[in-house]
Enquirer: 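Here it is, the structure in full.
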Amino acid sequence: MDFSFTAEQQAFVDSVRRFARDQLAPGAMERAHAGRFPRDVAQLMAKQGLLGIAFSEEDGGQGGELMDAVLAIQEVALHCPRSADVVQAGNFGPIRTFVEYATAQQKARWLPGLVSGETVISLGMSEPDAGSAVTELKTHARIEGAQVVVNGTKVFSTHSPDADLFLVYVRFGPGVDGIGSVVVERNAPGFTVGRPSAFMSGETWSELHFEDCRIPESNILLREGGFRKQIAGFNVERLGNASRSLALGRYCYEQARAYAMTRRQFGRELCEFQGIQWKFAEMKVKLELAQLALYQAVLENPVGLPSAQGTAVAKLACNQAGFEVANEAMQAMGALGYSQESLVEYCVRRTRGWMIAGGSIEMLKNRIAEGVFERSFPQRAPR
Ligand SMILES: Cc1cc2nc3c(=O)[nH]c(=O)nc-3n(C[C@H](O)[C@H](O)[C@H](O)COP(=O)(O)OP(=O)(O)OC[C@H]3O[C@@H](n4cnc5c(N)ncnc54)[C@H](O)[C@@H]3O)c2cc1C
């Protein structure tokens, strides 16, 4: 398999790098500790062509491939870790599932705002009693005439305190086949966004409450039977999660490498101690192996949706490498790495969250094992 970049890809990486270095890196520290969605960055990125990178030009995108979006999110993360979330929101997150399945009318209504960075969409999937067991979701949708009436509660949705739109997984009927999804606008009657809570990373999320929330039937994205399609779209979100994990690990590695070459203790630079050298050798191997798994998952299907198996391998490899390298880099930087004087401690907190978000590392292992043994292992307790 050839992993070298084409001349076009290299030129794109170089241009994103220049943009991220000049326009994003100067505010990286402040953004990381701000918590809320950086809308100014979204608008800046839209002008730079970094939202909708792999969407068709007809959909307001750049007509690129998934690999281009991955290259962009990595470059941005290496200069401003928090701004990589904006690339995620405008390319990999619920916006990607929306673009895949929305009608022409739905796209005309909501896509222009999303790809121009004016609006942001959040995913309402997890519920108080349906986390890893997502198909046990209870949020219910009932069709009444030309309207859909939604009732239920969602938790942990990224960007929910700031989002204008919500892609919400709902149940039209019983079982996995009863699950579909709807688009809910923030001002929909019967919909309330609760008080923001914070994750360990500092990002905020709000409970989403639907109490006889009425939306037009034309807001249905996928009817009952749509669950597998939604999860296929969600695999792109997982690759964005994997890319950011790995890139934040790499960011910390570079910070710690520079530190180890200048910080002197016992009359020598840290990099002269073998105990430190071996840490960096192990970090490098973790990063490079995870990078290959990520590119392999992306290249498997460059224009369509990635496979569940390739995505699970890539996400597991990147989540583990990202966190382990960030954590080890923090150790190599001593108290400075643990302090808010650098972004390393922030990256440790962020990479830790991605081992839970978007399919925990345990659920990824369950998925990979199904591929290994070529059979499904239902997790539900026998009745
Ligand atoms: C940073 C962050 C961002 C998130 N963003 C969103 C979002 O935008 N939208 C959204 O809907 N949700 C979001 N979530 C929620 C996320 O999808 C859930 O946290 C995740 O699915 C796990 O569910 P849970 O937290 O309820 O854990 P649980 O499902 O209760 O699991 C608890 C622990 O048990 C393990 N476990 C559970 N079942 C099994 C099993 N069968 N085998 C082995 N181990 C198992 C899990 O891996 C985990 O370690 C986010 C979460 C985080 C941390």
Side-chain angles (χ1 to χ4, degrees), residues 32 35-37 81-82 84-86 88-98 120-139 152-171 179 181-184 193-194 196-210 221 227 230-231 233-238 240-242 244-245 248 311-312 315-316 318-320 322-323 326 346-370 376-382:
R36 304 297 286 265
F37 184 73
R82 176 64 171 149
D85 299 341
V86 178
Q88 174 82 10
N91 294 277
F92 295 87
I95 190 173
R96 181 65 181 85
T97 310
F98 177 80
V120 64
I121 184 167
S122 174
L123 176 66
M125 178 177 68
S126 306
E127 298 185 359
D129 295 325
S132 301
V134 64
T135 56
E136 284 171 18
L137 66 89
K138 294 192 185 111
T139 298
T153 299
K154 297 287 178 182
V155 289
F156 304 135
S157 296
T158 298
H159 306 318
S160 44
D162 300 297
D164 307 276
L165 286 179
F166 297 82
L167 196 167
V168 183
Y169 284 28
V170 292
R171 176 172 295 296
I179 298 173
S181 56
V182 294
V183 177
V184 180
V193 178
S197 303
F199 286 123
M200 173 181 169
S201 59
E203 295 167 280
T204 50
W205 64 275
S206 296
E207 282 195 2
L208 309 179
H209 298 286
F210 303 89
L221 183 67
F227 181 72
Q230 268 158 206
I231 289 296
F234 190 59
N235 281 331
V236 179
E237 174 147 12
R238 288 178 164 150
N241 167 320
R244 284 178 296 158
S245 295
L248 265 58
T311 301
K315 184 174 184 291
L316 179 63
C318 292
N319 286 165
Q320 287 183 329
F323 174 69
Y346 169 76
C347 293
V348 172
R349 291 185 281 118
R350 290 303 306 274
T351 51
R352 185 65 186 83
W354 289 319
M355 292 163 90
I356 298 170
S360 67
I361 55 171
E362 290 80 15
M363 293 308 289
L364 296 171
K365 288 179 189 172
N366 291 341
R367 181 68 192 79
I368 294 167
E370 291 190 325
S376 90
F377 295 113
Q379 302 295 308
R380 196 177 308 270

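Just so you know, these numbers use all the heavy atoms, side chains as well, and skip hydrogens, waters and symmetry mates. Counting starts at 1 for both ligands and their atoms, in listed order. No experiment lies behind these values; they were computed from the predicted model shown. Along the sequence shown, residues carry numbers from 1.
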Enquirer: Considering only the protein, which heavy-atom contact is closest to atom 20 (C) of ligand 1, and what is its distance?
Expert: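 Its nearest protein heavy-atom neighbour is Ile356 O, 3.6 Å.
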Enquirer: List the atom pairs, with distances to 0.1 Å, where a side-chain N or O of residues 128-137 and a protein N or O form a donor-acceptor pair under 3.5 Å, not counting sequence neighbours.
Expert:
{"residue": "Asp129", "atom": "OD2", "partner": "Lys138", "partner atom": "NZ", "Å": "3.1"}
{"residue": "Thr135", "atom": "OG1", "partner": "Arg380", "partner atom": "NH2", "Å": "3.4"}
{"residue": "Glu136", "atom": "OE2", "partner": "Arg380", "partner atom": "NH1", "Å": "2.4"}

Enquirer: Could you point out which residue of Arg96, Gln88, Met125 forms a side-chain contact (heavy atoms from CB on, under 4.5 Å) with Glu237?
Expert: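 Option passing the side-chain contact (heavy atoms from CB on, under 4.5 Å) with Glu237: Gln88.
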Enquirer: Ser360 to ligand 1: N or O pair under 3.5 Å?
Expert: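 Yes: some nitrogen or oxygen of Ser360 is under 3.5 Å from one in ligand 1.
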Enquirer: Please evaluate residues Phe98 and Leu221 with respect to the criterion side chain to side chain contact (heavy atoms under 4.5 Å, CB included), reporting the C-alpha separation (whole Å), side-chain torsions for both, the decisive distance (0.1 Å), and the verdict.
Expert: CA-CA 7 Å; Phe98 177 80; Leu221 183 67; 4.0 Å; yes
Enquirer: For atom 43 (C) of ligand 1, what is the nearest protein heavy atom, given as residue, atom name and distance?
Expert: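 Of every protein heavy atom, Glu362 CB, 3.7 Å lies nearest to atom 43 (C) of ligand 1.
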Enquirer: Quick one: look up the protein heavy atom nearest atom 16 (C) of ligand 1 and list residue, atom name and how far away it is.
Expert: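 Answer, as residue, atom name and distance: Ser126 OG, 3.6 Å.
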Enquirer: Side-chain contact test, heavy atoms from C-beta onward, threshold under 4.5 Å: evaluate it for Val348 versus Leu248 and give yes or no.
Expert: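 Answer no - side chains too far apart.
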Enquirer: Residue-level breakdown please: for Trp205 versus ligand 1, do any non-hydrogen atoms fall below 4.0 Å on the side chain, on the backbone, on both, or on neither?
Expert: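 The answer is neither.
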Enquirer: Is ligand 1 under 4.0 Å from a heavy atom in the side chain of Ser132, in the backbone, in both, or in neither?
Expert: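 Ser132 to ligand 1: contacts from backbone and side chain alike.
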Enquirer: Considering only heavy atoms, which of Phe156, Phe166, Trp354, Phe234 lies nearest to atom 14 (N) of ligand 1?
Expert: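 Selected option, by shortest heavy-atom distance: Phe156.
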Enquirer: Below 4.0 Å, non-hydrogen atoms only: which portion of Asn366 touches ligand 1? Side chain, backbone, both or neither.
Expert: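 It is the side chain that touches ligand 1; the backbone stays farther off.
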Enquirer: Could you tell me whether the side chain of Arg350 reaches within less than 4.5 Å of the side chain of Glu203, counting heavy atoms only?
Expert: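 Of all side-chain heavy-atom pairs linking Arg350 with Glu203, at least one is under 4.5 Å.
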Enquirer: May I ask you to list the atoms of ligand 1 that are less than 4.0 angstrom from any heavy atom of Leu123?
Expert: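 Those of ligand 1 that fall under 4.0 Å from Leu123 are 7 (C), 8 (O), 9 (N), 10 (C), 11 (O).
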Enquirer: For ligand 1, note which part of Met125 has a heavy atom under 4.0 Å away: side chain, backbone, both or neither.
Expert: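 The answer is both, backbone and side chain.
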Enquirer: Which residue supplies the protein heavy atom nearest to atom 41 (N) of ligand 1, what is that atom called, and how far is it?
Expert: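 Answer, as residue, atom name and distance: Gln379 OE1, 2.8 Å.
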